[in-house]
Amino acid sequence: MNASAASFIVNLDVPDLAAAEAFYTQAFGLHKGRRLGAGARELLGGPAPLYLLQNDAGSAATEDGDVRDYERHWTPVHLDWVVADIDAALARAVAAGATLERRVRERRWGKIAVLADPFGHGFCLIQFSEAGYDALLE
């Protein structure tokens, strides 16, 4: 039996489903997919479906007592949105409600900006150069 995954989905806890739907459709051009009950919405149009899951701040996140906190937080897992025009993508994301945390910086492999969505989740915008990450091999 092959244990590799055929695809994946991204689940994102949010405290306000309607606000999250508005942000992610406006900021990244995603569109509504299925409504999965009152507390979940599928957004399509990216490389993987994004599932927004309504979970109130302070609600249990684990059986060990961890609770959800939607203040700005850092996690080693975050979304990198690869874009063709980082300046246009940055303007669109900020207009939709994102907070710019690190301005656009040039790297050998392209450009990167660090932001946070209105729910405290960090994300990056990346515009690759023609060489992309292969520039790191030189």
Note: A113 and V104 closest approach over all heavy atoms is CB-CG2, 4.0 Å
Test log, rule side-chain contact (heavy atoms from CB on, under 4.5 Å), inputs R35 and L17: CA-CA 11 Å; R35 178 165 289 281; L17 192 59; 3.4 Å; yes
Tightest non-hydrogen contact, residues V83 and I86, listed as CG2-CA, 3.7 Å
Tell me, do Y51 and L36 make a side-chain contact under 4.5 Å, heavy atoms counted? yes
- Hey, can you tell me if F28 and W81 have their rings parallel, tilted or perpendicular (30° and 60° cut-offs)? parallel
Checklist entry - Charged N to carboxylate O below 4.0 Å: is that the case for K32 and E42? => result no
#### Entry: Under 3.5 Å donor-acceptor, T25 side chain and G29 backbone
no
Looking only at heavy atoms, the pair that brings P15 and A57 closest together is CB-N, 4.5 Å
Heavy atoms of A20 and L52 approach each other most closely as C-CD1, 3.7 Å
Is it true that atom CZ of R103 has more than 12 heavy atoms of other residues, nucleotides or ligands lying nearer than 6.0 Å? no
Checklist line | Beyond-backbone contact of L125 with I112, side-chain heavy atoms, under 4.5 angstrom | finding: no
Q.
Quick check: do E101 and L115 have side-chain heavy atoms less than 4.5 Å from each other?
A. no
Between the CG atom in L136 and the CZ atom in R107, the distance rounded to the nearest 0.5 Å is 11.0 Å
Between the side chain of Q26 and the main-chain N/O of A96, is any donor-acceptor distance below 3.5 Å? no
Shortest non-hydrogen pair, D56 vs Y70, comes out as C-CE1, 4.0 Å
Do V10 and L79 come close enough that some side-chain heavy atom pair is under 4.5 Å? yes
Output yes when a side-chain donor or acceptor of H121 lies under 3.5 Å from a complementary backbone atom of D13, and no otherwise.
yes
(request) For the pair E21 (side chain) and R41 (backbone), establish whether a donor and an acceptor sit closer than 3.5 Å, ignoring hydrogens and angles. (result) no
Looking only at heavy atoms, the pair that brings A40 and L53 closest together is CB-CD2, 3.8 Å
query = Considering only heavy atoms from C-beta outward, does the side chain of S129 approach that of R108 to under 4.5 Å?
reply = no
**Request:** State whether the side chain of H73 and the backbone N or O of G120 hold a donor-acceptor pair below 3.5 Å, judged by distance alone.
**Result:** yes
The complete set of salt bridge (charged side-chain N to carboxylate O under 4.0 Å, His left out) pairs with one or both residues in residues 110-122, sequence neighbours excluded, reads E106-K111
Establish whether V77 and L12 are linked, either directly or via other cluster members, by ILVMFWY side-chain heavy-atom contacts under 4.5 Å.
no
* Would a hydrophobic clustering, with Ile, Leu, Val, Met, Phe, Trp and Tyr connected at side-chain separations under 4.5 Å, put F8 with L30? -> yes
Between the CG atom in D66 and the OG atom in S59, the distance rounded to the nearest 0.5 Å is 11.5 Å
Would you check if V114 and R105 make a side-chain contact, meaning some heavy-atom pair closer than 4.5 Å?
yes
- Item | Proximity of F119 and Y24 rings by center, below 6.0 Å | no
